[in-house]
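All remarks here apply to the structure that follows.
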Amino acid sequence: METTAVKKYTFKDFTSDQEVRWCPGCDDYVVLRSMQKALPDMGIAKEDAVFISGIGCSSRFPYYMDTYGMHSIHGRAPGIASGVKLANPKLSVWVMTGDGDSMAIGGNHFIHVLRRNIDLNIVMFNNEIYGLTKGQFSPTSLIGQKTKSSPYGNTQPPFSPGELALGANARFFARIGGNNPKAMTQIFIDAHKFKGTSLVEVLQNCVIFNDGCYSNVTDKDVKEDKQIYLEHGKPMIFGKESDKGLVLNGLKLEVVTIGENGITQEDLLVHNAKEEDKTLHQMLVRLKYPLATGIIRSFEDVTL
Amino acid sequence: MITNTETGEVELQPEVLEAVVVRFVGDSGDGMQLTGTQFTDTSAMFGNDIATFPNYPSEIRAPQGSLYGVSGFQVHIGSIEVSTPGDNVDLLVAMNPAGLKTNLYSVKPGHTIIVDTDSFTKKNLEKAAYKTNPLEDGSLENYRVIKVAMSSLTKEALKDVEGLDNKSLARTKNMFSLGMIYWMYNRSTEHTIDFFNKKFKSKPGLIEANTKVLNAGFYYAETLELIPNSYTISPAKLPVGTYRIVMGNTATAWGLLAAAEKSGLELFLGSYPITPATDILHELVKHKHFGVKAFQAEDEIAGVTSAIGASFAGDLAVTTTSGPGLALKGEAIGLAMIIELPLVIINVQRGGPSTGLPTKTEQSDLLQAMYGRNGESPVIVIAASTPGNCFNFAYEAARLALEHMTPVILLTDGYIANGSAPWKIRNVADLPEIKNRKITESKENWHPYDRDEKTLARDWAIPGTPGLEHRVGGLEKDSVTGNVSHVPENHEKMTHIRAEKIRLVQNNIPDLETEFADSGDLLVIGWGGTYGALHSAVKQINKEGYKNIGLAHFNYINPMPKNTEEVLSRFKKIIVCELNSGQFASILKINHSKFEFFQHNKIQGLPFSNGELIEQFKKIV
């Protein structure tokens, strides 16, 4: 809830006295600091922010925030967060979850919270592995991935969180690399402002059990060529030289190069995150090259 | 009558219905006589504890000045000797509006009416002189009306039957209603199917049609999970007051509303539909105007977790369920226990294990309520004992949860939840005070697990309160700072504190009282929904010349009243009666090992009958 008389905070106001216990080098630190930096710009009073988590590495998050928080039980944070929000709609309520917490044990709550569209925010740390239990495959692990519980390679096909979320009628979906704090901070602010359930998938590297799982798209030297950062109202353009773009060819997205075959910037698709019809959003979510990041969908709908 | 110690109110004395009056009414052509006779015969064959009155009365004529052409058949069956035909009907089956109109006067308020909605056409309503449709105008509010499109369901059931004209097919719909009643009263369809085979020997089409429709009705009632009324009220002078007929589930809902009003909190219900608890949800969703937030969740777990979230944020939070749902909620209840938030969990017990007997009564979730969580996870467990006092104990569950900052499990059961009783309307102002533990201002050096010295309850600091930001969670907490702690001694200390906190609730609940005798030869012990049956039986045996047989009925189970041991010591013998294989007896044995406890247990999905109880008591004395 926006208020004008809110005092100006800094990220320190949201930092608790607890020592952070994630592994050195973990992207979770980036998420934590981005959130602590985003909160002062959300225009809310400190006591009105509530962080609810389930179980897993990511779910330690609330302990490190000097706000109201609950570290709950595995997979159930969406239910608890829904209760908090329904009890007191003026609170800014955040669910901090992981790929296993949200899509394995908590899969049912995950789809229903998206369906209902209560004004909540969900940050999903997707590292494609179970970290806290020391390295088993998760519902987003790739086929063939060798983990402690799949020594001969994972045989279970993964979920794509974005596709699952849009299938459950998510109105707000954003995806961001775990090494991109600046954009992440802004996405958190936008997620807060969005009326309805917003889901932010963080591509989070697990330095111990799945190191480098996103390096081919998120590493500094490749990210501009391998990712497209979507912004509402702007042409779908990417690449180090900003010379690549997306067009629609039949029912498929196609990568084109500006200046080749007579293609100009005017030919590129313009991102409309606010479109109700999610066909194009789904295509963007599925796209492997370039990987779509930023706010892919942000359709304002009826909220509970 | 008993005096209720929580409210000081005199309460009515409900008793288990030991005899049931069922009346079938319809057009003369509807086959009501045949239906009634079949029900009677089947009941006669059902067992020794059913007396039947097949000849009474063969015809019920409409009262003078009313409609003609209504035919009816009434059956009065009972486990005790039935000496009157029974003017008041427990279950009316009305095949048309005229039947309803002419027989409604005889139905006990709160009891059940089954109607064939297909017959409530404009024409039939006019014939019965109804200006508005009684199924829609709210005039049947005081009854449990089960609306069944009997004619169309019958037609559908017979769509593949060949060689019969439409009229013959339509005439079988009386068997649909009979099938439904057989399901509700545990009767087998076998006898009636034998009857078809003999009667329609030369017309195999009729055998097939009647059997199909009978079975269709039987399965339809099973699918609807219909539960018969099992409570009645003994003729007693009612104390002065305004009364309403309520079912236990409705009373439970109202108790919660009253507790929210009294405590100045908003009521939040997180629930998932489950027989026989869903009516609490149905009732509470009606009361948005009282600020009730009723949230139908995606599953049992989300039901309880949303309630935990609402409690964290400062609402009076409740979740309602039945046995299988309580199992699913177990982990979350453990969370509410360790983070020490107020939470009311209502378990309307049904026959178990697993899916068990959803429409039948049992008291087999007691140990689940006591211990059904990982780790040492004590919570308050209380039980309602009559349809009416579901109000008091729902209120009490909320009071104890809020004053002691803990989950409270309230056990009711399918029979008291669906049983109805006259209930004196209360004024919220007269109800006991509820002090919630919310704190609204930050204090110097405040910690979330600071405790009240007397109760060990912690403060309730809710989000939105400046300066009290804190984290709670399922990990063990340091006893002082509330931060995560893996220190061995701290864990032991916290485990003891959580146990002691529940034990101290003894100071906030009334003493155990005995009825009929303060001391003597035999103490009959029961808990929860068996009160009506035990009360009748102990009353009767004392009348029969046995002296000094007392009844102690428990509503507070964890912790038990302080004077429990003292009450037990006043009697020579003790018998614990429960609808399970001895769960409460086992708790008594653990806590009061110097006494010998006889047991009477029944696990048939049925309430106790007077006869069996008295026989047991006599054996022991």
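Everything quoted here is computed from the prediction, not taken from an experiment. In what follows, every heavy atom counts, from backbone to side chain, and hydrogens, waters and symmetry copies are set aside. Quick note on labels: first sequence line is chain A, next is B, and so on, each numbered from 1.
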*Using a 4.5 Å cut-off on heavy atoms from C-beta on, say whether the side chain of B:Val484 contacts that of A:Tyr63.*
yes
*For the atom pair CD (B:Glu331) and NE2 (A:His74), what is the distance rounded to the nearest 0.5 Å?*
9.0 Å
*In terms of heavy-atom pairs under 4.5 Å with chain A, which of B:Leu475, B:Val304, B:Ile338, B:Ile339 leads?*
B:Leu475
*Can you tell which part of B:Leu267 gets under 4.5 Å to a heavy atom of chain A, answering side chain, backbone, both or neither?*
neither
_Max heavy-atom pair count under 4.5 Å with chain A, selected residue of B:Gly303, B:Gly309, B:Ala461, B:Gly334_ = B:Gly309
_Rounded distance [0.5 Å steps], CG in B:Leu335 versus NE2 in A:His71_ = 9.5 Å
*asked:* For B:Phe312, is there any backbone N or O sitting under 3.5 Å from a side-chain donor or acceptor partner on A:Tyr68?
replied: no
*Are B:Ile308 and A:Met70 close enough that some pair of their side-chain heavy atoms sits under 4.5 Å apart?*
yes
*chain A: which of B:Gly464, B:Ala302, B:Ala313 shares the most heavy-atom pairs with it under 4.5 Å?*
B:Gly464
_Does atom NZ (B:Lys293) have a neighbourhood of more than 12 heavy atoms from anything else shown, all under 6.0 Å?_
yes
*With only heavy atoms counted, which part of B:Ala317 is less than 4.5 Å from chain A, the side chain, the backbone, both or neither?*
neither
*Is there side-chain contact between A:Leu86 and B:Glu266, with at least one heavy-atom pair below 4.5 Å?*
no
_Are A:His109 and B:Ile301 packed together at the side-chain level, in the sense that at least one heavy-atom pair is separated by less than 4.5 angstrom?_
yes
*In terms of heavy-atom contacts, does OH of B:Tyr272 have more than 12 from other residues, nucleotides or ligands at under 6.0 Å?*
no
*More than 12 heavy atoms of other groups within 6.0 Å of A:Arg115 CZ*: yes
*With respect to chain B, which residue among A:Ser82, A:Ala87, A:Ala77 yields the maximal number of heavy-atom pairs within a distance under 4.5 Å?*
A:Ala87
*asked:* Can you confirm whether B:Glu376 is buried at CD, in the sense that more than 12 heavy atoms of other residues, nucleotides or ligands lie under 6.0 Å from that atom?
replied: no
*Does atom NZ of A:Lys148 have more than 12 heavy-atom neighbours from other groups under 6.0 Å away?*
yes
_side chain to side chain contact (heavy atoms under 4.5 Å, CB included) partner of B:Pro463, chosen from A:Val93, A:Asn88, A:Thr67, A:Val50_ = A:Val50
_Please check this pair: side chain of B:Arg471 against backbone of A:Met65, looking for a donor-acceptor N/O pair closer than 3.5 Å._
yes
